[in-house]
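Fair warning: this is a prediction, and the values are worked out from it, not measured in the lab. Just so it is clear: chains get the letters A, B, ... in the order the sequence lines come, proteins before strands, and each one is counted from 1.
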2 protein chains.
Amino acid sequence: MTQPAPTKTSPILQVLHGERPDRTPVWFMRQAGRILPEYRELKEKMSFLELIRDPAIGADVTLMPMRRFEELDAAILFTDLLVPLEAMGVPLDYNPGPVLGWTFEGKDDLKRFEELDVEERLSVSLKTTELVRAELPPEKSLLGFVGAPFTLAAYMCEGKGSKTWARLRGMAYRDPGLFEAFLTRMTDAALAFGLALARHGCEAVQVFDSWAGVAEPSMFRDQVGPHLNRLVDGLQEADIPVIYYVNGALQHLDTMYETGADCLGVDWRVSMDDLCDALPKEMPIQGNLDPTVLFGSPERIAIETRKVLDAASDRPHIFNLGHGLEPTTPVEGVEVALRTLRKWENEQTKKPKKKGGKGS
Amino acid sequence: MTQPAPTKTSPILQVLHGERPDRTPVWFMRQAGRILPEYRELKEKMSFLELIRDPAIGADVTLMPMRRFEELDAAILFTDLLVPLEAMGVPLDYNPGPVLGWTFEGKDDLKRFEELDVEERLSVSLKTTELVRAELPPEKSLLGFVGAPFTLAAYMCEGKGSKTWARLRGMAYRDPGLFEAFLTRMTDAALAFGLALARHGCEAVQVFDSWAGVAEPSMFRDQVGPHLNRLVDGLQEADIPVIYYVNGALQHLDTMYETGADCLGVDWRVSMDDLCDALPKEMPIQGNLDPTVLFGSPERIAIETRKVLDAASDRPHIFNLGHGLEPTTPVEGVEVALRTLRKWENEQTKKPKKKGGKGS
C-alpha cells in the first residue's frame, strides 16, 4: 500500500471536514457508465460482471470520466453495491439488473452467509482501488462506495429489483428480532468493506442507500438508524470521512443527520432551498440536481444548475446530481452543467465579500 | 341513469365536505384484488383485461371486499388507470404490468390520439359503475378513480413501467411547450372520464398520481400544477368531490394543497403527525398506514394503526393505507387493522369531549 499521498486539502476532503474550499467541488453519480461512448464501446465486448471482475478494466472505467471531464474532483470506484454479498457466498449475476442466487427468508438463512474475509474475497475491488489511486492526480479524490444496510438487506430479501421492497419492510413489522439480526449482519459486511477500501486508497466512503426511500420514517429511524450509526461511527473511528446518500432523503433527514455522517447526499426530490432550511448551516451537503435536467436545453440546464448552487452557496457543498446519470443522458448536458458551475464560481469570486456569503 | 340515491351523509362524503362524521370512514387502496381468495380464484380463469372488460365481472370484483369486510365505507370501481388511453386509440395489454402499443415521442404524436368519446369508448367502466351503484347499500360510497395527467403522460412516454420515468421528466426540461400540450391532452382525458364516472353513479373521484413522486418539486409545481388545478376545478364545477392522491406526497404537499382538492391522499413516507402539522386543521386527509404494516404481528398492526388514527384525530380523516395493498398481504392483517379502528372509535366516543378533540 504505497499509494501517492492524496492532497489533504483537495476540495472534496475540505468539504468533508466542514470547510469551504475556494471552489465548489463536483462529481456525478454514475459518471463512469453508459453515457460515455468509450464505456459503451467496452460494454459491447464484455458483460458487466467481466468489467467489475478485472482490476485493470475496473480502474480504466473508473478513470474514463476523469479523462473526459477535467472539472471532476473525484473518481468513484467502479464496482457494484452487491459485491460484498457475493463475497459472503451469495451467487450474483446481472440480467441486466442484479439477480442473487438465493434470498433471505428467515432465521436459518443467517447461517448461510459465509465469513467475510474482505482482503481475499474482495481483492478485485481492493486491487482496483490501488490501481486507480496510483494513476489519479493527487489533487483528485477517490471515493469508495458501500451499500447501506437497509439497501443490502432489501436486495437480499427480493433477490432482484423491486418497486416496493415489501419483503424487508414487512419483516421489520413481523419479526423485529430477525430484522435486527439481519441488519447487523449487513452492517458488519458494509463496515468491513468500507474499512478495506480506505486501507487500499479510498479517501472517503459514500454509504449508498438506494432504497431507503421506501421505508416508513419512524420504522427507519428506530429500526435502521442504530445500524447506520454503527456503520458511520466505525468508519469515522478509522478517520474515514463518510458521505451518507439516501434516494428519497426528505422523509429521513433527521435520521440521516443523527448518523453523524460528515456529509449528507440528497436526491432531487427536495429543493436545495428547503434542504438548507432544514439542516444546520455548517452541515456539508452533496447534491442535488435532477438528473433529467441534463436532457434539457442549455439555457434550462444553466438555470437549474444555478438554482442548486445559489441555494447552497453559504455552506460546505459538493455539487452533484440527486441520483445517478440516466443512461441516455447526452454528454453535452453534462458539459453544460460543468461549464455553468465554473462560470458561477468566477462570478462568486468577483462578488464583494459579505458576512455569511461565499468567501467570507 | 336511475341509480338509488346514495346517502349524502355517508361518512366518506361528510369528510369530503370538510365535516367530521361520528366515526372515521375507511377503505383500502387495492382492496379489490389479489389479497382476496375469491379474486385469486377468478384470476386463475381470466386475464386482467378480461376482468376489466366485462361490466358484470368488474362489478362483482368491485363488490368482493364490501362483502368480506363489512367495515369498509367505500367501493372502488375496479378498472385500470390506463383505460382512457386505450379509449384514445392506444393499444393496451398487461404482461403482467401495462404495455402500451405505442409511445409518445414528440409533437406529431399529439395527432395520433383519437377523439375521446367517453360514453362510447369507456362504456364498460360506465356500465360497471351503474351495476355497482345498483347493488351497493346507500350508506356506502362508490369512488371512481382517474389517472392524474403526470402519471398518464409518464406511461405514455415509456409504454410500460419504469423506475425513474426519465422520458417525461426530460421532456419537461427539453421542450416545455410540448410537455404543456401533452399534459393538456392527458388532462382533457382524465376530466372527461371523471365527469362520466360521476354521471353514471360515482359519488366522488380519486385522482391518482402514482408516479408524481419522481418529479422535482418546483418543476411539478410550475409545469404540472396548472393542469391539476384545471382537472380538480372541472370536477368540482360538476359538484364532484375530489380526493387527490400522490405516491410520494411529502415533496409536493404545497402543490397538492393548491389544487383545491377536497381531500389529500398521502402515502406512508410521511408521518401523519408531520402531515397534520403541515396542513391546515380543516383540510381533510386520507391515509396513510404503511401497507407493509399489515404483514406485522397483531400487536404491531394495532400500534401502527393507532398512531395514524391518533395523529389525525382532530381533523376530517378517511383512514386508508399509504399505497395499495401488497398482493401477498394476509387477509388477517386487514382484519386486525379494521378491528383496531373500531376499537379506537369506541374509546373515542367514551372520552370526555374537549375543545379541538374528537366529538367537539
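The environment of A:D274 atom CG is dense: over 12 non-hydrogen atoms of other residues, nucleotides or ligands sit within 6.0 angstrom. Surrounding CG of B:D254 are at most 12 heavy atoms belonging to other residues, nucleotides or ligands under 6.0 Å away. When the shell of 6.0 Å around CZ of B:R40 is examined, it contains more than 12 heavy atoms from other residues, nucleotides or ligands. Around the CZ atom of B:R30, the shell of radius 6.0 Å holds no more than 12 heavy atoms that belong to other residues, nucleotides or ligands.
For A:D80 and A:Y94, the side-chain atoms include at least one donor-acceptor pair closer than 3.5 Å. Judged purely by distance below 3.5 Å, without hydrogens or angles, the side chains of B:Y173 and A:D290 pair a donor atom with an acceptor atom.
Contact of B:S218 with chain A is made through the side chain alone, with heavy-atom distances under 4.5 Å. Proximity to chain A (any heavy atom under 4.5 Å) is shown, for B:V293, by both the backbone and the side chain. Both the backbone and the side chain of B:E216 come within contact range of chain A, judged by heavy atoms closer than 4.5 Å. Looking at B:E304, the atoms closer than 4.5 Å to chain A (heavy atoms on both sides) all sit in the side chain, from C-beta outward.
The candidate with the highest count of non-hydrogen atom pairs below 4.5 Å against chain A, out of B:K163, B:M219, B:R174, B:R269, is B:R269. The candidate with the highest count of non-hydrogen atom pairs below 4.5 Å against chain A, out of B:R167, B:R169, B:M171, B:Q251, is B:R169. Interface check for chain B: of the options A:D175, A:V214, A:I301, the most heavy-atom pairs under 4.5 Å are formed by A:V214.
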